[in-house]
There are 2 protein chains.
Amino acid sequence: MNSATILVIDDEVQIRKLLQITLESNDYSVTQAATAKEGMITAANHPPDLILLDLGLPDDSGHHVLQQLREWYTKPIIILSVQSSEEDIVKALDNGANDYLVKPFRTGELLARIRSAIRGNLSEENDPVIDCGSLQIDLSARIVKKNNEIIKLTTTEYALLCMFVKNEGKVLTHHYLLREIWGPGYINQSQYLRVFIAQLRKKIEDDANRPVHIVTESGVGYRFVAT
Amino acid sequence: MNSATILVIDDEVQIRKLLQITLESNDYSVTQAATAKEGMITAANHPPDLILLDLGLPDDSGHHVLQQLREWYTKPIIILSVQSSEEDIVKALDNGANDYLVKPFRTGELLARIRSAIRGNLSEENDPVIDCGSLQIDLSARIVKKNNEIIKLTTTEYALLCMFVKNEGKVLTHHYLLREIWGPGYINQSQYLRVFIAQLRKKIEDDANRPVHIVTESGVGYRFVAT
DNA sequence: TTTTTCTTTATAAAATCTTTATACACTTGG
DNA sequence: CCAAGTGTATAAAGATTTTATAAAGAAAAA
């Protein structure tokens, strides 16, 4: 999910359409403007994360629009223009444009330049954290917290917990768990499972004697419940 | 008065000469390197305000050099290349390049793009100093201080620390660290890692016997915590 | 050369896994 | 009701793996 918003200011409807399709299929949220005036108003009302600006607008000079935008807009502006003269490029860049692409442009390159411009400008993304009441699991950081304190889990304990979390609510049989975590040769070692279930409960349950998260389904296996 | 320093990494002597003259007449201070290796060393010893990198170096792939630089170098990198394929451009930009100019380029445009890159960098932030209690790490200056005293770290030790700092809080597996720092052929040399972790701890931890920053996750890897 | 850094080997310590032992809960048939 | 059988929980000892550290030899840099 990207959800960065991009404002396209261009008078050619086919270009706007192309950009909208291209950008939206890359998870950007797109708004459009066909004139300089419309562009300025849209940018002011809903400041986007990046602006794609055509220099050849009908109602105002593109360079002037750029200057006006830069009075207050600090995020990236990329120029798209049929003008390839050095004079135009230098002027646009010195007026505060972050990049300048000559039309017709290659969409892959445009997307890469957009990524480059947005990079670092975006707020830091957090990892997907699974929340189970007092229990929090960050799979990408391999961190498990209980009441906001980090719990140390061994490799096997963590593998077990992951199996449970990824199959929340489902009953996992002894055989299944043993095969997935220890390997196919261990499907009869139910005792292993009991030992590690006990250890896991001691670490993640508030009261290990009355487990809430890891419920035993006698004769079948165990089930993990989030709340 | 400009006084921003620019490092030119290019194997063609006439290009280097041209750039030197052009840049110096625009009040930039220029350093040069003819090979990837030389470029990396120069960049590390005297980090410039901007790097102009040619992708077609004789001793290493330009994309690889770019990746290596981006491990620690946070200021702008502009690619100069005879390669004009979309694939090369997209790859370079996604590897952390700020801009990409195809040779032969127009000097006026290059200067404008340099101004644009430096401008955006200055407005954003200064030296990104990471503060971890008694420990301070300046990635762009490659300086590590503990209790305000500079600590000498070897190349490998520093690379390790960078990996940790950039992934603060996350568990980095042995395989990952070995692959990133020593290369794919070393993923089984866990002992290397242990030796260097011990050395790093001796240098950055208050009490190496009770490490606070570099926490070992037995059977998995290590985790860096800033506190 | 001398110095620094990296690689390799050796060994002690720590952490984890496996195994054994025992206790508990629950069901079922006498 | 009890006693035997089945399935589960937990502690703790023993075995194994993993880790920490020193130190010596090799390679690279100054």
Side-chain angles (χ1 to χ4, degrees), chain A residues 142 144 150-161 171-175 177-178 180-183 185-223, chain B residues 35 37-38 40-42 44-45 59 142 144 150-161 164 171-178 180-183 185-224:
Chain A
R142 212 211 97 113
V144 180
I150 290 178
I151 299 174
K152 276 202 79 173
L153 295 181
T154 71
T155 319
T156 313
E157 288 160 5
Y158 184 75
L160 244 186
L161 183 60
V171 176
L172 302 180
T173 65
H174 302 138
H175 278 205
L177 289 168
L178 286 163
E180 290 297 318
I181 289 161
W182 280 270
Y186 292 74
I187 53 170
N188 293 320
Q189 303 288 333
S190 316
Q191 193 51 27
Y192 285 17
L193 200 48
R194 299 209 183 92
V195 171
F196 278 87
I197 291 286
Q199 281 177 355
L200 242 188
R201 279 176 174 157
K202 252 195 294 191
K203 291 186 179 180
I204 71 169
E205 298 280 3
D206 289 323
D207 180 2
N209 292 91
R210 250 177 265 115
V212 178
H213 289 119
I214 302 178
V215 184
T216 131
E217 300 284 341
S218 195
V220 187
Y222 298 90
R223 186 162 50 87
Chain B
T35 64
K37 196 179 175 188
E38 196 188 325
M40 303 281 286
I41 293 168
T42 310
N45 288 341
D59 57 333
R142 201 202 176 277
V144 181
I150 291 178
I151 299 174
K152 274 197 75 175
L153 294 181
T154 71
T155 318
T156 312
E157 287 162 5
Y158 184 73
L160 244 185
L161 183 60
F164 280 128
V171 175
L172 304 180
T173 65
H174 302 133
H175 279 205
Y176 178 78
L177 289 168
L178 287 163
E180 291 297 319
I181 290 163
W182 280 270
Y186 291 74
I187 53 170
N188 293 320
Q189 302 288 333
S190 316
Q191 194 52 28
Y192 285 18
L193 200 49
R194 299 209 183 92
V195 171
F196 278 86
I197 290 285
Q199 281 177 353
L200 244 188
R201 278 177 175 156
K202 254 194 290 190
K203 291 187 180 181
I204 70 170
E205 298 279 3
D206 289 323
D207 180 2
N209 292 91
R210 250 178 264 115
V212 178
H213 291 119
I214 302 177
V215 183
T216 132
E217 300 281 342
S218 195
V220 187
Y222 298 89
R223 186 161 50 87
F224 185 83

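Throughout, protein chains are lettered first and strands after them, A, B, ... in sequence-line order, and every chain is numbered starting at 1. Owing to the predicted nature of the structure, the values given are computational and were not obtained by experimental measurement.
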Closest non-hydrogen atom pair, [X] against [Y]:
X        : Y        : value
B:Pro211 : B:Ala208 : CD-O, 3.6 Å
B:Arg142 : B:Thr154 : NH2-O, 3.8 Å
B:Lys203 : B:Ile151 : O-CD1, 3.5 Å
B:His174 : B:Gly219 : CE1-C, 4.2 Å

Between [atom2] of [N] and [atom1] of [X], the distance in whole Å:
X        : N      : atom1 : atom2 : value
B:Leu200 : D:dA22 : CG    : C1'   : 17 Å
A:Ile214 : D:dT8  : CD1   : P     : 15 Å
B:Asp207 : D:dA20 : CG    : P     : 14 Å
A:Leu177 : D:dT8  : CG    : C1'   : 15 Å
A:Ile197 : C:dC17 : CD1   : C1'   : 16 Å
B:Arg210 : D:dT19 : CZ    : P     : 21 Å
A:Asn188 : D:dT8  : CG    : P     : 14 Å
A:Leu178 : D:dT8  : CG    : P     : 12 Å

Rounded distance (nearest 0.5 Å) linking atom [atom1] of [X] with atom [atom2] of [Y]:
X        : Y        : atom1 : atom2 : value
B:Leu177 : B:Phe196 : CG    : CZ    : 13.0 Å
A:Thr155 : A:Ile181 : OG1   : CD1   : 11.5 Å
B:Lys202 : B:Asn209 : NZ    : CG    : 10.5 Å

With a cut-off of less than 4.0 Å, is there a side-chain N or O of [X] near OP1 or OP2 of [N]?
X        : N      : value
A:His174 : D:dG7  : no
B:Asn209 : D:dT21 : yes
A:Tyr222 : D:dG7  : no
B:Arg194 : D:dT21 : no

Worksheet item: Mapping B:Gln189 and B:Ser218 onto DNA chain C by nearest heavy atom, which one lands closer to the 5' end?
Response: B:Gln189
What N/O pairs connect the protein and nucleotides 20-28 of chain C at under 3.5 Å? Give each pair on its own line.
{"residue": "C:dA21", "atom": "N6", "partner": "A:Gln191", "partner atom": "NE2", "Å": "3.3"}

Discussion item. Classify the ring geometry of B:Tyr222 against B:Phe164: parallel below 30°, tilted from 30° to 60°, perpendicular beyond 60°.
Written reply: perpendicular
Practice prompt. With DNA chain D as reference, determine whether B:Pro211 or A:Glu217 sits nearer its 5' end, using the nearest nucleotide of each.
Written response: A:Glu217
Worksheet item: Which is it for A:Ile197 and A:Leu160 under the side-chain contact (heavy atoms from CB on, under 4.5 Å) test, yes or no, and what are the steps along the way?
Response: CA-CA 8 Å; A:Ile197 291 286; A:Leu160 244 186; 4.2 Å; yes
Distances for protein N/O vs nucleotides 2-6 of chain C N/O pairs under 3.5 angstrom?
{"residue": "C:dC6", "atom": "OP1", "partner": "B:Thr156", "partner atom": "N", "Å": "3.3"}
{"residue": "C:dC6", "atom": "OP1", "partner": "B:Thr156", "partner atom": "OG1", "Å": "2.5"}
{"residue": "C:dC6", "atom": "OP2", "partner": "B:Thr154", "partner atom": "OG1", "Å": "2.7"}

